[in-house]
Amino acid sequence: MFKSNKLTIIAGPCSLECIDMCMEVAEFAVNATTKLGIEFIFKGSFDKANRTSANSFRGNGMENGLSILSLIRKEFNIPVLTDVHETYQVDSVAKVVDVIQIPAYLCRQTSLIEKSIKTVDNNNYITTALNIKKGQFLAPWDCKMVVEKAKCFNPNLTRNQLWLTERGTSFGYNNLVVDMKGIYYLKKTGCPIIMDATHAVQEPGANGSSSGGKRYLVPLLARAAVAAGVDGVFLEIHPDPDNALSDGPNMLNLQQFKSLINELSRIHELVNEF
């Protein structure tokens, strides 16, 4: 899914709220990325297990979420990605999605990494890659040990089967920062590196019962990351972010997404000329 001369975009809503919205987002993103020759992976979560409040919307459950992802995968002939939070979820998810994702807060959970990485390149599963998000509490070079841990459970992995995603580092209260120098150290792991430009502008817990965010900073971080040499960009997008059921403050609307990936494609082409 990562080709040396092409940018990869992972995009979709934070939560798989309903099938109609997800189909709308998928269709729009497929059309926009196809015109630019960009590799596209649809993402969406069936469970948002780390919400600020117990009263916040978590999702429509694994069964409904996987049904939506399966339909999108078949309808648009594209790879799909979702995250897992517990080991019991992995087998069911791996039979439906192309990429399993481990959330940042869980990036050092040994049992979850072991269970997930063992589904990669296994004939019983669809899964072809594992994406591990760098924890907000880790230095970039600490990811070397995360990668080594995953590889010890599946020693025959190829480069494209284990990915790392930068999503910012905790800096004081309710704030994340992205150190672009960190991309250099992440790339030294040999894994494809992705920039999660929407979660990186999140302000954890800043709104009291929910997280805040500054979506107007998303393009800045995404452009800088592509210029710094990342292999892909992760973006949460929604037809109406202000009324999304989760992560609205840091999500882009569909037109913002289309405009941004146009810029990112041009930057990627320029960077790869050198």
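Heads up: numbering here begins at 1 and tracks the sequence. Side-chain atoms are counted along with the backbone in the values below, which use heavy atoms only and exclude waters and symmetry mates.
- Each of Asp247, Thr165, Asn250 was checked for a side chain to side chain donor-acceptor pair (under 3.5 Å) with His199, and the lone residue meeting it is Asp247.
- Both tests do not hold together for Lys115 against Phe153: distance to the six-membered ring centre under 6.0 Å, angle to the ring axis within 45°.
- By the 4.5 Å heavy-atom criterion applied to side chains, Lys151 and Leu162 are counted as neighbours.
- Residues Thr169 and Lys134 have side chains that bring a donor and an acceptor to within less than 3.5 angstrom of each other.
- Qualifying side-chain hydrogen bond (donor to acceptor under 3.5 Å, both in side chains) partners for Thr127, counting only residues two or more places apart in sequence or in other chains: none.
- Considering Asn131, Leu112, Val120, Thr119 as possible partners of Ile100, the one that fulfils the side-chain contact (heavy atoms from CB on, under 4.5 Å) test is Thr119.
- Counting only N and O atoms by type, the side chains of Lys149 and Thr110 include a donor and acceptor under 3.5 Å apart.
- There is no side-chain donor-acceptor pair under 3.5 Å between Asp98 and Thr128.
- Side-chain contact between Arg167 and Gln202 is present, with heavy atoms from C-beta onward closer than 4.5 Å.
- With contacts defined as side-chain heavy-atom distances shorter than 4.5 Å, the pair Ile72/Cys22 qualifies.
- There is no side-chain donor-acceptor pair under 3.5 Å between Arg215 and Gln256.
- Residues satisfying the side-chain hydrogen bond (donor to acceptor under 3.5 Å, both in side chains) test with Glu86, not counting sequence neighbours, are none.
- At distances below 3.5 Å, at least one donor-acceptor pair connects side-chain atoms of Asn154 with backbone N or O atoms of Ile117.
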